[in-house]
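Just so you know, ligand 1 is whichever comes first in the structure, and atom 1 is the first atom listed for that ligand.
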Amino acid sequence: MHFLLDGDPGHDDMLTILLAAKHVEVVAITTVHGNQSLEKTTINARKTVELGGLQHIPIARGLDRPLVNEPVYAPEVHGKTGLDGVELPDPVVPLSDLTAVEMIIAMSHEYDDLVIVATGPLTNVAAALRIDPTLAGRLASISLMGGSLTFGNSTPAAEFNIWVDPEAADIVFTSGIPLRMFGLNVTRQAAATVKELDRIRDLGTPFARTIADLVEFYRANLERVYGLKGASLHDPLAIATFIRPELFTMKPMHVGIELHGTRTRGMTVCDYRHATGESELGGKNAVLRGEPANCDVAIGIDVEGFFDLLTDTLAMYA
Ligand code: RIB
Ligand code: CA
């Protein structure tokens with residue numbers, strides 16, 4: 001399989017790139033608005049590949065605003081640069097001449113087993129699907145961090161990546177492409193506390209210390225804003241599923257994107273009624289109702305196993 005990483009670096013998007021690069025073939029990175037402006041998320045993607053010595057991976061700049069909404073950023077979590085915590089050098093690695101949409105389409109022709117790992121708002125992916133209606137038939141799958149089986153973060157019902165651009169999410173979730181969804185119900189469990197950060201720092205390399213300092217900035221903000229004890233490493237789960245699939249429990253179900261609810265716009269409405277084999281009729285022979293499953297949704301995670309994978313991978317960097 002070949003992987004294209006589309007995201008809005010962002011501390012956890014950064015970890016997704018660093019984790020993926022040591023385990024799978026990353027053919028491109030595309031950037032999108034989200035945690036910060038497109039300009040800043042693109043600078044941060046370039047900083048990340050330089051930090052990891054990954055300059056061979058092309059980076060293509062994407063769309064700077066949602067399909068309908070006005071842009072909304074998250075400086076309260078990721079800081080004014082979108083990757084605060086350590087002053088990384090201004091990047092010199094050049095950007096691809098292609099736009100993100102052109103890169104997605106080009107890579108889908110280059111590789112017949114292309115997986116898109118989407119860790120930001122789905123604007124680029126949705127735009128590519130609209131510009132090239134044959135794209136959906138060429139993608140192997142999309143693995144995305146977004147949504148939730150339960151609670152939201154941007155609103156009580158909606159998670160940031162979906163909430164920022166629900167129209168884009170609706171295009172992706174109705175595309176027919178095989179989907180894996182890693183929502184807050186599991187990603188909040190992948191919480192890097194001081195213990196996990198000390199474990200990373202104890203790797204003893206300048207690289208590990210830099211990562212620990214960056215993630216500590218992110219952790220401290222999540223504690224301040226949401227009262228969380230750990231830095232939710234949301235995004236890396238969307239690639240970890242391909243490296244160590246046994247870390248996750250997935251359930252097929254229908255996921256629909258709420259576009260019109262006054263309180264629920266941006267919610268991933270997950271039809272989990274039958275995932276347990278039960279239904280309102282009771283008993284194991286549930287009469288399956290509702291729309292057919294369009295997504296494998298993560299409902300469980302081996303948190304210790306995930307941090308073993310992450311820490312072991314970070315140890316591979318000098
Ligand atoms: O809600 C969490 C998601 O929003 C993560 O992808 C984080 O990086 C931000 O994009
Ligand atoms: Ca992200």
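- Residue side and main chain included, Asn161 places no N/O/S atom under 3.0 Å of the Ca ion (ligand 2).
- Shown in contact with Asp12 at under 4.0 Å from a heavy atom are these atoms of ligand 1, numbered in order with element: 5 (C), 6 (O), 7 (C), 8 (O).
- Heavy-atom proximity to Asn161, at under 4.0 Å, picks out these atoms of ligand 1: 3 (C), 4 (O), 5 (C), 6 (O), 9 (C), 10 (O).
- For ligand 1, the atoms lying closer than 4.0 Å to a non-hydrogen atom of Phe160 are 1 (O), 4 (O), 9 (C), 10 (O).
- Counting non-hydrogen atoms of neighbouring residues, nucleotides and ligands closer than 6.0 angstrom, the CD atom of Gln55 exceeds 12 such neighbours.
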- Task: Could you walk me through whether Glu110 and Arg138 pass salt bridge (charged side-chain N to carboxylate O under 4.0 Å, His left out), step by step?
- Result: CA-CA 10 Å; Glu110 180 82 17; Arg138 287 195 302 276; over 6 Å; no

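- Closest to atom 6 (O) of ligand 1 among all protein heavy atoms lies Asp235 OD1, 2.5 Å.
- Within ligand 1, the atoms closer than 4.0 Å to a non-hydrogen atom of Met145 are 2 (C), 3 (C), 5 (C), 6 (O), numbered from 1 in the order shown.
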- Show your working on ring-ring contact (aromatic ring centres under 6.0 Å, His included) between His11 and Phe217 and close with a plain yes or no. CA-CA 9 Å; His11 295 77; Phe217 172 88; 5.7 Å; yes

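- Short contacts between ligand 1 and Asn153, defined as distances under 4.0 Å to a heavy atom of the residue, involve ligand atoms 1 (O), 2 (C).
- Contacts of Asp8 with ligand 1, taken as heavy-atom pairs under 4.0 Å, involve the side chain alone.
- Remark: at the Ca ion (ligand 2), atom OD1 from Asp8 and atom O from Thr119 enclose 90°, rounded to the nearest 10 degrees.
- In the displayed structure, His56 atom NE2 is contacted under 6.0 Å by more than 12 heavy atoms of other residues, nucleotides or ligands.
- In this structure, CG on Leu228 lies 11.5 Å from CG on Asn221, to the nearest 0.5 angstrom.
- Because its NZ or CZ atom is both nearer than 6.0 Å to the ring centre of Tyr317 and within 45° of the ring axis, Lys22 counts as a cation-pi partner of that residue.
- Angle OD2(Asp13) to the Ca ion (ligand 2) to OD2(Asp235), rounded to 10°: 70°.
- In this comparison of Glu159, Arg188, His78, the heavy atom closest to atom 2 (C) of ligand 1 sits on Glu159.
- Geometrically, Arg180 engages Phe242 in a cation-pi contact, judged by NZ or CZ lying under 6.0 Å from the ring centre and within 45° of the ring axis.
- Taking CG of Leu314 as the reference point, atom CG of Leu19 lies at 8.0 Å (rounded to 0.5 Å).
- The side chain to side chain donor-acceptor pair (under 3.5 Å) test with Asp8 is passed by exactly one of Thr119, Asn35, Thr41: Asn35.
- With a 4.0 Å heavy-atom cut-off, ligand 1 is reached by the backbone of Thr119 but not by any atom from C-beta on.
- Taking only nitrogen or oxygen atoms, main chain and side chain alike, His234 does not reach within less than 3.5 Å of ligand 1.
- Residue side and main chain included, Asp12 places no N/O/S atom under 3.0 Å of the Ca ion (ligand 2).
- Contact atoms of ligand 1 toward Asn35: 7 (C), 8 (O), 9 (C), 10 (O) (distance under 4.0 Å to a heavy atom of the residue).
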- Audit row: Ile239, Ser143, side-chain contact (heavy atoms from CB on, under 4.5 Å) steps and yes/no: CA-CA 7 Å; Ile239 190 65; Ser143 179; over 6 Å; no

